[in-house]
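So the structure is just underneath, and the comments pick up after that.
So you know, we letter chains A, B, ... as the sequences are listed, proteins then strands, and number each from 1.
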Protein chains: 2
Amino acid sequence: MKLTRQRKLVYDTLLEKLDHPTAEDLFFRARKKQPEISMATVYNCLEALVKCGLVKQVKVGKNAVRYCANLCEHAHFVCEVCGAIFDLDRDNREKFKNMQIKIPRGFKIHNFEIAIHGTCSDCNILRI
Amino acid sequence: MKLTRQRKLVYDTLLEKLDHPTAEDLFFRARKKQPEISMATVYNCLEALVKCGLVKQVKVGKNAVRYCANLCEHAHFVCEVCGAIFDLDRDNREKFKNMQIKIPRGFKIHNFEIAIHGTCSDCNILRI
DNA sequence: TTTGTATTTAGAATAATTCTAATTTGACAG
DNA sequence: CTGTCAAATTAGAATTATTCTAAATACAAA
């Protein structure tokens with residue numbers, strides 16, 4: 001991935017404030033530094049950054065997708081009241097099947113979602 | 001939740017074919033049995049079913065939300081090639097911090113997401 | 001230079017979902 | 001029963017996040 005001026009701007013803006021902003025949030029923040037940037041560019045840049053693994057999407061509730069630049073593996077805790085998203089670090093040396101996530105004191109879990117992305121056996125065979 | 005005719009229809013339709021359909025898929029399937037049902041009703045019914053815990057939303061890719069009536073706790077494996085969603089059962093007697101998910105033979109994991117929904121400590125305090 | 005390819009841009013288009021307002025339903029009280 | 005009321009349903013309009021389009025720009029390589 002070519003780190004263009006706009007991609008760097010979007011990425012830096014994301015790193016500046018780790019509050020899981022939406023594309024629109026990032027657009028407004030980035031525009032303060034480069035007023036000519038367009039919404040489409042923010043989406044394009046985010047797409048490129050997600051594709052190369054520097055950024056992750058967080059899909060929550062019925063609102064816009066949020067973006068996360070926290071690179072160490074972590075789970076997201078979504079507060080159902082205030083909507084805040086908390087990064088929960090985990091010991092990433094542990095194996096996937098034995099994951100350890102520390103839930104902060106006072107947090108109550110209602111439910112959780114796990115989505116594993118990859119390729120299924122049928123598709124792996126077809127691709128050899 | 002009042003299990004009205006339409007809610008029962010949507011729920012039964014979801015149970016009939018466990019392929020994680022979108023709201024639109026369900027609309028077309030449900031319409032075969034009750035041609036007067038409307039798209040808005042399908043959304044309303046799904047919302048009610050999700051709220052009462054009978055149904056779960058699965059958010060994947062950039063497409064429409066998918067719905068899942070598999071009630072036993074499980075993770076989703078999303079094939080990045082064909083888009084299929086597989087339910088991965090887990091031993092739900094295991095504690096959250098020690099979850100065991102069996103990945104089927106031949107499946108390759110690229111990445112996975114965990115989202116935990118609940119209430120954060122601040123909001124829990126404000127609600128006492 | 002010239003050429004080509006990728007990126008950016010503004011605005012239009014799309015698609016999923018939500019909203020609106022009118023109608024229907026069904027439970028319950030009288 | 002019959003009337004009342006709240007909740008649910010409905011069709012279609014509205015919204016909103018996101019993607020698409022086509023032109024302009026940038027920038028690397030020949």
Report task. Could you tell me whether K33(B) atom NZ has more than 12 heavy atoms of other residues or ligands within 6.0 Å of it? Result -> yes

Rounded to whole Å, please give me the gap between [atom1] in [X] and [atom2] in [N].
X      : N       : atom1 : atom2 : result
L9(A)  : dT8(C)  : CG    : P     : 10 Å
E36(A) : dT9(C)  : CD    : P     : 7 Å
L3(B)  : dA8(D)  : CG    : C1'   : 13 Å
F27(B) : dA15(C) : CZ    : P     : 16 Å
Q6(B)  : dT23(C) : CD    : P     : 18 Å
M1(B)  : dA6(D)  : CE    : C1'   : 17 Å
L49(B) : dT9(D)  : CG    : P     : 10 Å
K8(A)  : dC27(D) : NZ    : C1'   : 18 Å

Query raised in the report: Atom CZ of R66(B) and atom CG of D19(B): how far apart are they, to the nearest 0.5 Å?
Result: 8.0 Å

With a non-hydrogen cut-off below 4.0 angstrom, is [X] in contact with a base, only sugar-phosphate, or nothing?
X      : answer
R7(B)  : sugar-phosphate
T41(B) : base
Q34(A) : sugar-phosphate

Report task. Dump the intermediate steps for side-chain contact (heavy atoms from CB on, under 4.5 Å) on L14(B) and L26(B), then the final yes or no. Result -> CA-CA 7 Å; L14(B) 191 54; L26(B) 285 168; 4.0 Å; yes

Requested in this report: Please report the shortest heavy-atom distance between A69(A) and L15(A), naming the atom on each side.
Outcome: CB-CD2, 3.7 Å

Query raised in the report: Which letter, B, S or -, goes with each nucleotide of nucleotides 13-24 of chain D from 5' to 3', with contact meaning a protein heavy atom under 4.0 Å?
Result: ----SBBB----

Query raised in the report: By side-chain contact (heavy atoms from CB on, under 4.5 Å), which residues pair with D12(A), not counting sequence neighbours?
Result: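 Scan of D12(A) (side-chain contact (heavy atoms from CB on, under 4.5 Å), adjacent residues dropped) gives K8(A).
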
Query raised in the report: Of all residues at least two apart in sequence or in a different chain, which pass the side-chain contact (heavy atoms from CB on, under 4.5 Å) check with L18(A)?
Result: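 Per chain and number, L18(A) pairs via side-chain contact (heavy atoms from CB on, under 4.5 Å) with no residue.
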
Query - Inter-end axis angle, the helix from dT1(C)-dA30(D) to dG30(C)-dC1(D), with every axis fitted to five base pairs (rounded, 10 degrees) - result: 20°

Just list the side-chain donor-acceptor pairs under 3.5 Å for residues 38-49 of chain A, sequence neighbours left out, or say none.
unit_1	atom_1	unit_2	atom_2	d
S38(A)	OG	A40(A)	N	3.4
S38(A)	OG	T41(A)	N	3.2
S38(A)	OG	T41(A)	OG1	3.0
N44(A)	ND2	A40(A)	O	3.4

Report task. State whether the side chain of R7(B) and the backbone N or O of K2(B) hold a donor-acceptor pair below 3.5 Å, judged by distance alone. Result -> yes

Query - Any T4(B) side-chain nitrogen or oxygen under 4.0 Å from OP1 or OP2 of dT9(D) - result: yes

Report task. Name all pairs fulfilling the ring pair (Phe, Tyr, Trp, His ring centres under 6.0 Å) condition that reach into residues 5-38 of chain B, sequence neighbours left out, sorted by first residue then second. Result ->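 Output for this query lists H20(B)-H76(B).
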
